There are 2 protein chains.
Amino acid sequence: MEQKILEELEFIDESRIFTSKAELYAYGFDASIHHATPDIVIRPKDSEEVERVVTIANEHGLPIVARGAGTALCGQAVPIHGGIILDMTGMNKIKEVRIEDLYCVVEPGVIYAQLNEELGKYGFFFPPTPGSGDVCTIGGMIAVNASGARAIKYGATRDYVLGLEVVFPYGRVRFGGKTLKNSAGYQVERLIVGSEGTLGIITEATLRIFPLPERKAVALASFDNVIKAGEGVADIISAGLLPSALEIMDNVCIQAVNKSMAIGLPDAEAILLIEVDGKECTVREEIEKIAEILGKKATKIEFTDDEEEMLKLWKGRKGVLPSLSRYGEDMISVSLADDMCLPVSKIPHAIKEFQEIAKKYGIVIGAYGHAGDGNLHTKVLINPRKEENWKKAEEAVKEIYKVVHELGGIASGEHGIGITKAPWINGDIETMERIKKAIDPKNIMNPGKMEQWRKSIIAYLRY
Amino acid sequence: MEQKILEELEFIDESRIFTSKAELYAYGFDASIHHATPDIVIRPKDSEEVERVVTIANEHGLPIVARGAGTALCGQAVPIHGGIILDMTGMNKIKEVRIEDLYCVVEPGVIYAQLNEELGKYGFFFPPTPGSGDVCTIGGMIAVNASGARAIKYGATRDYVLGLEVVFPYGRVRFGGKTLKNSAGYQVERLIVGSEGTLGIITEATLRIFPLPERKAVALASFDNVIKAGEGVADIISAGLLPSALEIMDNVCIQAVNKSMAIGLPDAEAILLIEVDGKECTVREEIEKIAEILGKKATKIEFTDDEEEMLKLWKGRKGVLPSLSRYGEDMISVSLADDMCLPVSKIPHAIKEFQEIAKKYGIVIGAYGHAGDGNLHTKVLINPRKEENWKKAEEAVKEIYKVVHELGGIASGEHGIGITKAPWINGDIETMERIKKAIDPKNIMNPGKMEQWRKSIIAYLRY
C-alpha cells in the first residue's frame with residue numbers, strides 16, 4: 001500500500017487499521033475454499049468513516065471489499081484484487097427498536113442472533129433464519145439475501161429491508177425509510193439486497209419486524225422413496241398449510257447423522273421435518289392435519305409440541321452439515337454445488353438425478369435442505385487428497401447444475417454467487433454490468449466478481 | 001407520426017393500432033388531473049411484438065409509455081412527450097398456476113380481480129389489495145408497487161415478485177424465476193417494481209401466492225380524539241397482533257360518508273376499522289382481544305365475524321373516496337396530497353397537523369387510509385370553480401408534505417410518484433438517474449417523469 005494513501009487514511013485510529021502479514025493473511029479467507037490477501041484492513045466506526053475511506057479508494061481506484069463475520073460460503077468477502085477490506089463488525093449498534101412502528105434500525109455489523117435476542121424482549125423477531133445466525137451479521141445477510149428454513153412462510157431478507165443507507169463511490173445515499181410501504185421512486189434498497197458488495201457499502205439498515213409466534217409444533221416423517229416425500233410436501237402446501245419450516249434429508253445425510261451423532265434417525269430414503277408456528281389452537285390442529293396428510297405416504301411419523309421433544313427432532317437436521325464430513329473414511333464435504341433453488345415440486349426429482357450422477361462418478365452426494373421453499377443443499381463427499389477426486393467432483397457439479405437449470409432452478413437460493421458459483425449464475429449479465437458501471441464506474445466495489453459472473457455458462461440468453 | 005415508422009410497425013395487426021384523433025385523445029388520460037396526447041397507440045399481443053416495437057422506438061428515439069387499465073392517480077401513464085402508448089390490456093393471459101410451487105405466471109394485462117378469482121378456485125390468493133382491484137392490471141400494480149389495506153400483514157407487490165420478463169431498449173431479459181428464494185445475482189426484478197415504466201416494459205411476471213385465510217372478523221371502534229385512535233393502533237401492534245387490515249377515518253370522512261351514504265356511522269373524531277383473518281379459533285380470539293384493548297380508549301366498539309355484518313362495517317370505509325366529493329356544496333375532492341406514508345405511530349399526529357393546515361387556509365382536508373401500515377390518503381376539498389381555491393389547495397399541500405417529511409414519512413405508500421407527486425419524491429435522484437441512463441440511454445421509456453423527479457424539493461441531500 002502506497003505511503004501516500006496510508007497518510008490519507010490517518011484519520012482512522014491505528015487500533016482499527018491492520019497491516020501485519022498475519023492479519024492480512026487471516027482476512028483473506030471467508031468460509032469458502034478461496035483466499036486472497038488484502039493490502040490493508042480497516043475497521044470503520046461509523047458511516048462518516050466509511051464514506052471517507054470509499055472516497056479515498058475511489059480517487060485512487062483502489063479495490064474495496066466489505067466484510068461481516070466472514071461466513072460467506074462462496075468467496076464473496078475474498079478480496080481477489082487485494083486493496084481494502086472494510087471489517088464492518090465495528091459498526092454493531094442496534095440504533096432503534098420501534099415495536100409499534102414494526103421496524104428496527106441497525107448498523108451492518110450487528111449479529112443476527114443479538115438482534116433477535118433484543119427483539120425477543122418485546123415478543124418480536126426478524127424472521128429470516130440463516131444457519132450461521134449465531135455469528136453472521138445483518139450486513140452480510142443483506143449482501144447475499146440470506147434466508148433459511150422459515151422462508152416458505154416468512155420470505156427472505158429482501159422482503160424485510162425497508163430502508164438502507166449505502167455509501168456508493170460518489171457519495172452516501174439513503175433509499176426507502178421507516179415506513180412499511182414505499183412507492184416513492186426506485187426501490188434501490190431492494191437492488192442492493194443480494195448485490196454482494198459490488199455496488200456499495202451498507203452502513204445502516206431499517207428492517208421490518210414481526211411478532212413472535214406463540215407456539216410451535218414439529219413432525220418427523222420417514223419415507224422409503226424420495227418421490228413420495230416430495231408428494232408429501234406438495235400435499236401439505238396444496239391443503240393450504242404453510243409450515244414455518246419444511247425440511248428434507250436424503251439417505252446419505254441420514255446415514256452421516258447417525259454415524260456421527262448416534263441419535264438413531266430412521267434409516268429411510270428420505271426424512272421430512274415439518275415445523276408449524278402460530279397460536280396454540282392452530283399449531284396443534286395443523287401438525288395433526290400434516291401428520292394425517294403424510295400418513296398416506298410415510299413409513300413412520302412422529303409429532304410433538306413439547307419443547308424438549310421438538311429440539312430432539314430438530315437435532316438431526318441441524319447436525320447434517322458437520323456430520324457429512326464424517327460419512328466415510330478420509331472423506332470430506334466440499335461446498336462446490338452448495339445451495340441451488342428449484343420450484344418446490346422439483347426437489348425430489350433433483351435428488352433422484354443427483355444420486356444417479358453420484359453413481360456415474362463413483363462419488364457420494366448428499367442432499368438436504370429447505371424442501372418447502374425449494375432450496376436444496378447439495379454436498380459432494382470426496383477424499384480431497386486424491387487429485388482425481390477433485391476432477392470427478394467438478395464434473396459431477398457441472399451435471400448437477402445442468403439438472404438444476406433443466407428443472408427450472410437457479411444457482412443459489414440463499415448463499416449467493418461469489419466466486420464458487422459464478423459459472424451457474426442466472427439473469428441477464430449485461431443488465432447487471434450496466435447497473436454496476438453506472439454506480440461504480442471505476443469498478444472499486446468488490447472487483448473481479450462480476451467479471452467471473454460474465455463467464456456464466458447458464459445466464460439466460462437474449463431471445 | 002412519420003410514415004417511415006408507421007411502415008416499420010406494419011407487422012402489428014391494424015385492429016391493434018389506434019391513430020384517430022378521438023382514440024389518441026382518450027388514451028392521453030389516466031385517473032389523474034394530467035393529460036397529454038400520444039402519437040400512436042399499439043395493443044401488443046405478446047412479448048415478441050413488444051420487443052419489436054421497443055426496438056423500433058429505440059432506433060428512432062421515440063417515447064414509449066406502457067399503460068394498463070389507466071387507474072394511476074398521478075399521471076404515470078400520461079405520455080407527456082407523446083410517442084407510443086403500449087396498451088398492455090391485450091396481454092391478459094394467466095399462463096400458469098402452480099399451487100404446490102406457490103407461484104403463478106401472468107401477462108401484465110391480467111386484471112387483479114380475475115387473477116384472484118382464478119387462484120380462489122384452489123383456495124389461494126395474491127395478497128396485495130389495491131382499491132382499484134376490480135379493474136387494475138398486474139403490470140400496473142408492479143409499476144407502482146401497489147398494495148392496499150392488507151400490507152400490515154401481507155406486505156406490498158414488491159414482496160411477491162419472484163421473476164419478471166422485461167423488455168429494455170437493448171433487448172428482452174429475464175430476472176428471478178419460479179423459485180421462492182433467489183440469491184443468484186442482482187434482484188433486478190425488485191428494482192423494476194415501482195419504476196413506473198421508466199426503465200422497461202414488463203411482459204411477464206411470476207408471482208408468489210398464499211393460501212386464503214379460512215375466516216375473518218371485523219371490529220369498528222369510535223374515538224373522541226384522533227390521538228387516542230392512534231394509541232389504540234400502537235396498543236394492538238405492541239400486543240403482537242397483526243390484523244389483516246387496520247383502517248382509519250377522520251371526522252371529515254365520517255361526515256362525508258354519512259351525508260352521501262346515510263349508513264349512520266358514529267359522529268366521532270376518528271373511527272378505526274380492524275379486520276383479522278386466519279383460522280376460526282384465532283380470528284375470534286384476536287378480535288375479542290382487540291376489542292378489549294381498544295375498550296380502554298374508544299367511546300364505542302362493535303365487532304362481528306358474521307359475513308353480512310362485516311360487509312356493513314366495511315361499507316363506510318369503502319365509500320369514503322366517492323363520498324368526499326359530496327361533503328359540501330360545490331366541493332370536490334382533489335388528488336393533490338394523495339397517499340403519503342409515515343411511521344405507523346405518526347399517523348394521528350399527521351392528521352392533527354393536517355386539520356390545523358385546513359383551518360389556516362379555510363379549506364377542508366379529509367384523511368383516511370391504512371393506519372396499520374402508516375399509509376394515509378389525504379384529500380383536499382375545494383370549490384374548483386374559484387381560482388383562489390386552487391392556490392390555497394396548492395399552498396396547503398406544500399405544508400402537508402412538509403409535515404409528512406418532518407414526521408419521517410415519504411411521498412407515496414402505494415400510488416407512486418408520476419407527475420403529481422414529483423416535488424415530494426424521496427431517495428437519491430442521482431442514483432435513479434444513473435440507473436435510468438445505464439438501461440435507457442436514449443430516454444425513451446416514459447420520458448419526462450424523472451426530469452420532474454429531479455426537481456424534487458424533498459429528495460435526501462448528500463451528507
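Quick caveat: nothing in here was measured; it's all calculated off a predicted structure. Convention: sequence-line order gives letters A, B, ...; per-chain numbering from 1.
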Report task. Test Val344(A) against Thr179(B) for side chain to side chain contact (heavy atoms under 4.5 Å, CB included), laying out the working first. Result -> CA-CA 7 Å; Val344(A) 177; Thr179(B) 62; over 6 Å; no
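The nearest pair of heavy atoms linking Tyr103(A) to Pro343(B) is CE2-CB, 4.5 Å. Ser183(A) and Gly413(B) get closest at one heavy-atom pair: OG-O, 3.4 Å. The two residues Gln187(B) and Arg190(A) have their closest heavy-atom pair at CB-O, 3.9 Å. Here the shortest heavy-atom pairing between Phe175(A) and Met432(B) reads CE2-CE, 3.9 Å.
One distance of note links CG of Asn426(B) with CZ of Arg174(A); it measures 12.0 Å at 0.5 Å rounding. In this structure, NZ on Lys279(A) lies 13.0 Å from NZ on Lys279(B), to the nearest 0.5 angstrom. Considering CG of Leu180(B) and SG of Cys341(A), their distance stands at 6.5 Å, rounded to 0.5 Å. For the atom pair CD1 of Ile439(A) and CD1 of Ile435(B), the computed distance is 4.0 Å after rounding to the nearest 0.5 Å. Atom NZ of Lys178(B) sits about 12.0 Å away from atom CG of Leu407(A), to the nearest 0.5 Å. Note: Glu280(A) CD to Cys281(B) SG = 10.0 Å, rounded to the nearest 0.5 Å.
Highest contact tally toward chain B, considering only Glu285(A), Glu214(A), Glu433(A), is held by Glu285(A) [criterion: heavy-atom pairs under 4.5 Å]. Ranked by heavy-atom pairs shorter than 4.5 Å toward chain A, the options Ala411(B), Gly374(B), Gly416(B), Ala146(B) are led by Gly416(B). Interface remark: of the candidates Val144(A), Leu191(A), Asn182(A), Ile152(A), Asn182(A) forms the most heavy-atom pairs closer than 4.5 Å to chain B. Here Gly185(B) is the residue among Gly185(B), Ala234(B), Ala156(B) with the most heavy-atom pairs under 4.5 Å with chain A. Ranked by heavy-atom pairs under 4.5 Å with chain A, the first of Ser147(B), Gly278(B), Gly194(B), Gly163(B) is Ser147(B). Options Ala438(A), Ala184(A), Gly155(A), Ala239(A) differ in how many heavy-atom pairs under 4.5 Å they form with chain B, and the most are formed by Ala184(A).
Contact annotation for Asn375(A): only side-chain heavy atoms (C-beta onward) come within less than 4.5 Å of a heavy atom of chain B. Residue contact with chain B, scored on non-hydrogen atoms closer than 4.5 Å, involves the backbone and the side chain of Ile417(A) alike. Interface residue Glu286(B): only side-chain heavy atoms are found under 4.5 Å from chain A. Residue Pro128(A): no heavy atom, backbone or side chain, is found under 4.5 Å from chain B. Within the 4.5 angstrom heavy-atom criterion, no atom of Leu212(A) approaches chain B. Contacts of Lys437(A) with chain B are absent, with no heavy-atom separation under 4.5 Å from either backbone or side chain. Residue contact with chain B, scored on non-hydrogen atoms closer than 4.5 Å, involves the side chain of Phe168(A) exclusively.
By the side-chain contact (heavy atoms from CB on, under 4.5 Å) test, Pro211(B) pairs with Leu242(A), Phe124(B), sequence neighbours left out. Qualifying ring pair (Phe, Tyr, Trp, His ring centres under 6.0 Å) partners for His370(B), counting only residues two or more places apart in sequence or in other chains: His377(B).
Salt-bridge formation is detected for the pair Glu189(A)/Arg158(B): a Lys NZ or Arg NE/NH1/NH2 atom is positioned less than 4.0 Å from an Asp or Glu carboxylate oxygen. Under the 4.0 Å criterion applied to side-chain N and carboxylate O atoms, Asp159(B) and Lys181(A) are not assigned as salt-bridge partners. Salt bridge Lys346(A)/Glu100(B): absent, no basic N to carboxylate O contact under 4.0 Å.
Asp428(B) places none of its side-chain heavy atoms less than 4.5 Å from the side chain of Val188(A).
Within 6.0 Å of the CZ atom in Arg52(A), the count of heavy atoms belonging to other residues, nucleotides or ligands does not exceed 12.
In this structure, the side chain of Asp101(B) engages the main chain of Ser345(A) through a donor-acceptor pair within 3.5 Å.
Side-chain contact check for Thr198(B) and Tyr186(A): at least one donor-acceptor pair (N or O, by modelled atom type) lies under 3.5 Å. Counted by atom type alone, Tyr170(B) and Thr431(A) present one or more donor-acceptor pairs between their side chains at under 3.5 Å.
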